[in-house]
Structures are given as C-alpha cells and as structure tokens.
Amino acid sequence: MQTATRIEKEKAGTATGSVKPRQPWWKPVGETVLALAATVFLLESFFNFAGIGQQEFFEPDPLLGARHIPSKQVTWRMEGLSRDSFNSFGMRDYERTLAKPQDTVRVAVLGDSGAEGLQVPLKNTFPIVVQDMLNEEAKKRGLQKRFEVMNFGCAGYSMLQEILQYETLAAKFSPDIVVLFYNRMDATESIIDGSMRSIADPKPFCYLSPEGEVKLDTAILEARADELKPNAVLDWLRRNSRLYGVVNQTLFSLSINDKHFVKWKHMFEKGAKVRKVAPATYPAQNEDQVAAKLLERLNNDVKSKGGRLIVMMFPNLIDYPDLTRQQKLFSGMAEAQGFGYLDLSDPVKNYKRKEELLIEYHFSTKGHKLIADLLKPYLQ
Amino acid sequence: MLFNSFTYMLFLPAVVVLYWVMPNRFRTTLLLVASYLFYMNWKPAYGLLIFALTLVNYAIGLSLEKFAAKKKAILIGGLIFNLGCLCFFKYANFLLESLFSSLKGLSVLVSHAPADSWTSPALKIILPLGISFFTFEFIHYIVDVYRGSAAVKNFRDFALFAAFFPSQIAGPIKRFQDFTHQLLEKPVFRGENFREGLFLILQGLFKKIVLGDNMGYVVNTGFNHASRMGLVDTWIAVAGFTFQIFFDFSGYTDIGRGSALLLGYKVPENFNWPFLAANLTDFWRRWHISLSTWLRDYLFIPLGGSRVSAQRARFNTMLTMVLGGLWHGAAWHYVIWGAFHGTGLVLSKEWTDFASRHPVLSKLRPHPIWHWSGVALTMLFLFMAGILFRAETIPQALTIAHKLVVPAAGGEVTTMFLNSTLPVSLSLYLLYLAAKTLIERARQPQIHTAVSLARRYFENSIGTQVVVYTGVAFVILGFAPLHVAPFIYFQF
C-alpha cells in the first residue's frame, strides 16, 4: 500500500516536474573533482604570476639540517622584494660550473641571510655587484683575468653551518679567496645549551674537546633523522607547489601571531612521538672560544688549498657587547694568523643617510653597493 | 576575539553548527552565551560590565513604559548613566590630561614653577572593546522607548541585542526594533543566506587582510617617518590611509554581516560605495551609515536639524560632527577632524545652494563633468581629513600636509608600495568590482542568462561551492601579510 502511494507520488512529481530525478553518484563527485582540478590549476598559475607562496625555499639536509632547494624560484617580500631562482647547486647566484675557468679568480662568500640578500634582486647583491665592478675594471685595464664572486650565503646558518657549507660545497669550486660574512649570533647559534636540546631545530652544533679541537654534535640531527629523510611527495610539493608554500607560510604566521594556535599546536605535538635527544657529553661551551677555533679551522683549510680568507664583520650599529668582543677577537686573530679583516661598522655608522642602507634587519640595494665598494680592494 | 583570528575561525563554525542542530527554543540562549564568550575572550572582567549595562538599560526601558508620568526624568537619568559610563571609560583620561596640561601651562607661565614638578593624573583605565557602539545602541533603545516604541520584555532577547557577537565590537549600530523582530520571527536555515554569509565573510577577510593590512604597512612607514617622505610618497601614504580605513572597517562589517547571516540574522549595511560620493553630504549617507543615521536621529534632529534658521542649522551640523569626531577617540585630533568635516559639510551645503540659484552653474550641474569633479573634490577632502584622523599629533599632521605640496626626494614609501602585493591585489579587487558592475548593468539578455545558469549550477553543486570557497580562502591566505593587525575601529 505504502509502496503504491510512493510510486503514485513519484509519478505525479515527475509529471509536474516538482521532484528532481536522482543524479547518478558519479556526477556530483565528478563535478567536484573537476572543480578541484580547475581551482588548483588556476591558483597555482595565479600564484606563480603574482609571486605568492614562493617563500618556501629550504629542504632538509642530513648534515646541515636545511639547505636551499636547487633551482627553486623564490619571490621574497618579507623585507624588500626579489624574484629570482637559486642555481642548480642551491646557491643564491647565477649558474656556475664546478671546474674553474681559465684566468679566473674565484671568490666564495659564506654567510647567513646578510650574504644571501633575498631582500634585493640578485643582480644587486654585493657578491654580484663586486664581481661586475672587478670585471669591468679588469676589462678597462685590458687584462685577461676574470672574477667570479660566488654566493653561498643561506638564511639562518650559524658559523658552524657556514664552515660546513664551505667544506662540503664551496671548496669544490676551488675558490682563491673565501669571504666569511660574520653576522651577530653566528657563533652563539653554533653551540647549544643542554636545556634546549629537545626543542632545538634539527641542525649541527659543535663543542671543543678537552684537547681544544672542534667536534661536531649531531645528536639532534640523529634524533630527528626521520624528518630529514627524503619524502617524495613533500619534496615535490616543496619544489613545485605554491599552494604548499601558502599553507606553510600561514602556519608560520599563525605560530607568531596567535597564542591559541601555539597552545593547540603544542598540545598536538605533545601527543605526537616524543623525540629523545642524547644528553650532551661535554660541559657548557664558551661561544668566543668556539668561534675562534672555528675560524682557525676555516683559515687553515683555506690556506691549505692555496686560498686566502677574509672575515667581514656585520656592522655593530648599537654596540652589542658580544659583537664588540668578537670584533676585537677576530681582528686580533686576523693579525696573528694572517687573514684579511673588514669591519663594516664605521663605514655604515658614518654614512650620511644610513637608514637608506638597511631594510629593517638586512641590507638594501644601497647597503649592498656600499659593501661591494668596501670589499673590492680586498679582492683585487 | 578578532574576526581575523584563528580562534574565530574555529569559534564561528562551532557556534553555527550548534545553533542549527539545537532545538529552536535554545538558540537565543546559545547565541547569548557565545556572545559573552566572544567578548570575555579579550578581558573576562568586562563581561560583567556589558552585563551590568544591559541590566540597567533593560530596567530603564521597562520603567519608561511603566512610569509614563516620570518618563522624561527616567530618560534623562538613563542618558546620564550611559553617557557617564562612556565618558568615564573613554574620556576621563582625556579630560584629566587636557585639564592637567592647561593648569601646568598656566602655572609655568604665572609662577615660573618647573614643569617637571607636575605628574600626570592619568587613571589606569582600559577602554572596554566596543563600548562606543553598544552605548549608542542603549541610548537609541531608551530614546525610542521614550518616544513610544514598546520596550523589550524578555531580558534574554534584550541581552542578545546588546551582546550579539557579529556586531558587538564595532557595529554596525543596530536598531532594536529590527533585531527583536528577527528574534520573534525565529530564523530559518536557508541555503542562500548561508552562501551569501560565506561570501560576505570571504569578501570581508579579503578587504581586511589582503588590502587593508598590506596597505597598513605602507601607510605606517609613511606616517612613522613623515620627515623622510617625498612628494609621491606622501600622496601614496595619505591616499593609502583613506583606503586602508575603508578596507579595514568595511571588511569588518562584511565579516560581521556574513557571520550574522550564517545564523539567519540580518545586520544593517554600513557602506554604500562611499568613494563615489559627489559631495560630503552624499558621502555621509554612504559611509558608516549606522553611525551617521544614529547621529542624525539622536543628535542632529533633536538639536533642530536643518528646519531652523540657516545660522542655527550650521551650528547643529558643526556640533554633530565635532561630537561625532570625539566619539571616534579621546584626542584633540579627532575633535579637529570632526570640526573639519563639519566645516566641509556646511561649505558643501552652501555651495550646492549657491550653485542651484546661480543661472549658469545650475545649467552645468546635470553635466557628468560636474558630478565627477564633485567626486574628485570630495576624495581630496577625505584625503586631507584622513591626515587629521591618522596623524598622532597636530604638528605631524601639518608636516604631512606640507609635504603634499612641496616637492622633495624620497621614494621609500613608493618602493614599498610597488614591492608589495598591493598592485596585484588592488587590480584583482578592481577587476572584481568592474565585472560585478558590468554584469549588473548589462543590457544583453544573453549575459543575464549565462550568469543565472552559472549561478544555478553553483547553487546546486555543493562540491563546487566548497572547492571555490576554499580557493578564495587560499587567495586570502596567500596575500596575507606575516603579521596580523587588529581592526582600526576596535579602538573606538
């Protein structure tokens, strides 16, 4: 009886057109998939055009913790603006060959974000500016000699990571001169306090052995080795997807803006696998002693390969005690061990409109030009 | 809780889902609890303040009905109470500081006493969020009940009118008749309300985060380093602020209206293409509509409005705008901003009257050039007024005004603007407005058929809706600046 009524109702409904015919299940699913594909395609294309979601430029590295993604196109807007690609070695630089061309003087610049210079276009970074200046001058003098100033700078690197970067990558390019652009905290970030081991970013640290040798502490890298393993899907997304970049940028923004998000994130992470980091087997370290030993190691290494080291100090604009100490330490070492030393403090302090040299914490195009002018005599 | 915060993005869906799955009789209570949670998330103690104000105004409303013979006295008492609370929280320090500065100046002048022997009498008062808005809603309520509207009998309904979270912090300033009418009607879940609500929220977030906040960086750089700005920099910073405040405030209103629609409520519109106003009177009909109509109904008209002598009408306009300026903030530059707008309104009215009487000018008035010149001049006036609104001190305002006309080298603000995402996002927004206007005004039936087909398809495909809304959310996240900024009107 009920079935009959339902059929009658359906017939009546169909006749008047008031009841919609049931869609096959695959139709709404197909429409959704199609809409999803079209939206992803449109968003990726639009973001690529607008330079959105391209601030994601690190990939995990088992030794350094993180490194630039080779050939990645980066649009940087946090301070200033740049839209360039890293080269195939992951350097913020033009494409280079491993083999040194004939009659070429090669300079390797090591450093953190100060050298990397994402705040300005690649052509305005001081390594490229000084390279152009040197080549121009050599050309004017009718010399065969060419200069290649290669940038190995990478944001967030500590002094230890910069030196490991030299040993694992920069040295392969056989540089004649190595410039270490020392930024404040580079030494501090090379060592780790015992209480911070469980929450530190996965990266290498170091300490001095009782014999005074620099030793690597890779316990944190080992404890978090699973995060540093290659992951085909994540690696692909990191290299190619702007949407992935947007998601990561949003999570980062939330973690610095929203206390509730941070609270929930911590709660979520507490529930995740707890990583046990091996305790330190060495006493608390003195950053100046470690920095001096690291510098000595780099200088010896460069010298042994027939090169020359120059240490360039980030300007100490407000007389930070640690940087003041390290200025004295490194200038003394330069004299004693025979490497070059260039302190940017006075030239920047004495610059007429020094606010034009910096964009918040990094150098502007004018700042990079000033560095290039100051560095040039050291490279000739 | 900020509308553009992660917490709100969790709070709103939770409230909406609970609201619609809950039996109808519990919904008002749920909204009331949610609204208090929303408010107390900022400073729990101030939940008591809004509750106490609600309780007193509820009692005043009932008393106005019950004791008709004494209703004038009750109204005056109610006004003193509401304005007293507003003055204490918002203006006490301003009045004390102003008095203190005057006395200090006088003392230094008369007795040559050292100025540093005086200490500031400022009280430690934290301005409760939204107090300017809900106090105005209370005043509207008691005045309307005094004028004959029926008082709200149900305390829960009245409390929700005062605390309704989508409009609690920065308006729009609601009218209780509209709101309680919707409460009585019992909202019904409608797909089109839901879609429109989501659309408004996304549009509001786009305006606030993508346009307003990014513009804020450029504007702040300019105003914080006024002496370094060049001519073009100054124009960008000044025009930028006018647009920043529009994107910020209308973005807030859109999110609020959208949130209300998800719950089945309609909150009044606050903006109607304000930058297309051809004169200042027209501008105030299009900008912060709920405030300007409140000022008209509860201040300008009771003062006599414009149906008095010309001199008195000018005075009424000036007083309304000066008090409107003071409503925005307890600082002299807001008072001067109000006076500037008042002067502009008076002059605009005089000019309109003069032009309509003048034989040549009256013929020119219907011409589009006349209209668009009016739009440009109004915009220019708003830029100038914006300097007074944004500058922290009068000397800073004067420096910026001076830099608008004197050529100087600079370029920091210009470079920052060009380096930001604003050229792309503003183009995207203008493209959206142009497409919307063209479609609405299109005369070809084929366009309307195509649009309605697309709309019908969209409305029938939930999967597509989810994908499209998520896509728009991604655009907003992609263009969002690193740091979240609070809404400008929260401070008022």
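All of these numbers come straight from a predicted model, not from anything done at the bench. Throughout, a chain's letter reflects where its sequence line sits, starting with A, and its residues are numbered from 1.
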Worksheet item: Where on Pro481(B) is there a heavy atom nearer than 4.5 Å to chain A: the side chain, the backbone, both, or neither?
Response: backbone
Discussion item. Trp264(A) vs Leu10(B), test: side chain to side chain contact (heavy atoms under 4.5 Å, CB included). Steps then yes/no.
Written reply: CA-CA 12 Å; Trp264(A) 285 333; Leu10(B) 296 180; 2.9 Å; yes
Response to the item:
Taken to the nearest 0.5 Å, the spacing of Arg228(B) CZ from Arg353(A) CZ works out to 8.0 Å
Worksheet item: Where does Glu355(A) contact chain B at under 4.5 Å (heavy atoms): side chain, backbone, both or neither?
Response: side chain
Discussion item. Out of Leu34(A), Val33(A), Leu43(A), return the one with the most heavy atom pairs under 4.5 angstrom to chain B.
Written reply: Leu43(A)
Practice prompt. Using a cut-off of under 4.5 Å on heavy-atom pairs, state which of Thr421(B), Asn419(B), Thr7(B) scores highest against chain A.
Written response: Asn419(B)
Response to the item:
Heavy-atom nearest pair, Phe47(A) first then Gly478(B), reads CZ-CA, 4.5 Å
Worksheet item: Which bit of Ile462(B) comes within less than 4.5 Å of chain A, counting heavy atoms only: side chain, backbone, both or neither?
Response: neither
Worksheet item: Where on Phe261(A) is there a heavy atom nearer than 4.5 Å to chain B: the side chain, the backbone, both, or neither?
Response: both
Worksheet item: Residues of residues 241-258 of chain A under 4.5 Å from chain B (heavy atom pairs)?
Response: Leu243(A), Val246(A), Val247(A), Gln249(A), Thr250(A), Phe252(A), Ser253(A), Leu254(A), Ile256(A), Asn257(A), Asp258(A)
Fill in: Flag if over 12 foreign heavy atoms under 6.0 Å of NZ, Lys349(A)
yes
Practice prompt. Check each atom of Tyr217(B) against the heavy atoms of chain A and say whether the ones under 4.5 Å are side chain, backbone, both or neither.
Written response: neither
Discussion item. Does atom CZ (Arg83(A)) have a neighbourhood of more than 12 heavy atoms from anything else shown, all under 6.0 Å?
Written reply: yes
Worksheet, complete the sentence: So, the part of Asn41(B) with a heavy atom under 4.5 Å from chain A: the answer is side chain
Item to complete: Flag the one option from Glu356(A), His260(A), Lys259(A) with the top tally of heavy-atom pairs under 4.5 Å to chain B.
Response: His260(A)
Worksheet item: Hey, does Leu482(B) have a side-chain heavy atom less than 4.5 Å from the side chain of Met78(A)?
Response: yes
Worksheet item: chain A heavy atoms under 4.5 Å from Val466(B): which part of the residue, side chain, backbone, both or neither?
Response: neither
Discussion item. Quick check: closest heavy atoms across Arg77(A) and Ser420(B), and the distance to 0.1 Å?
Written reply: NE-C, 3.7 Å
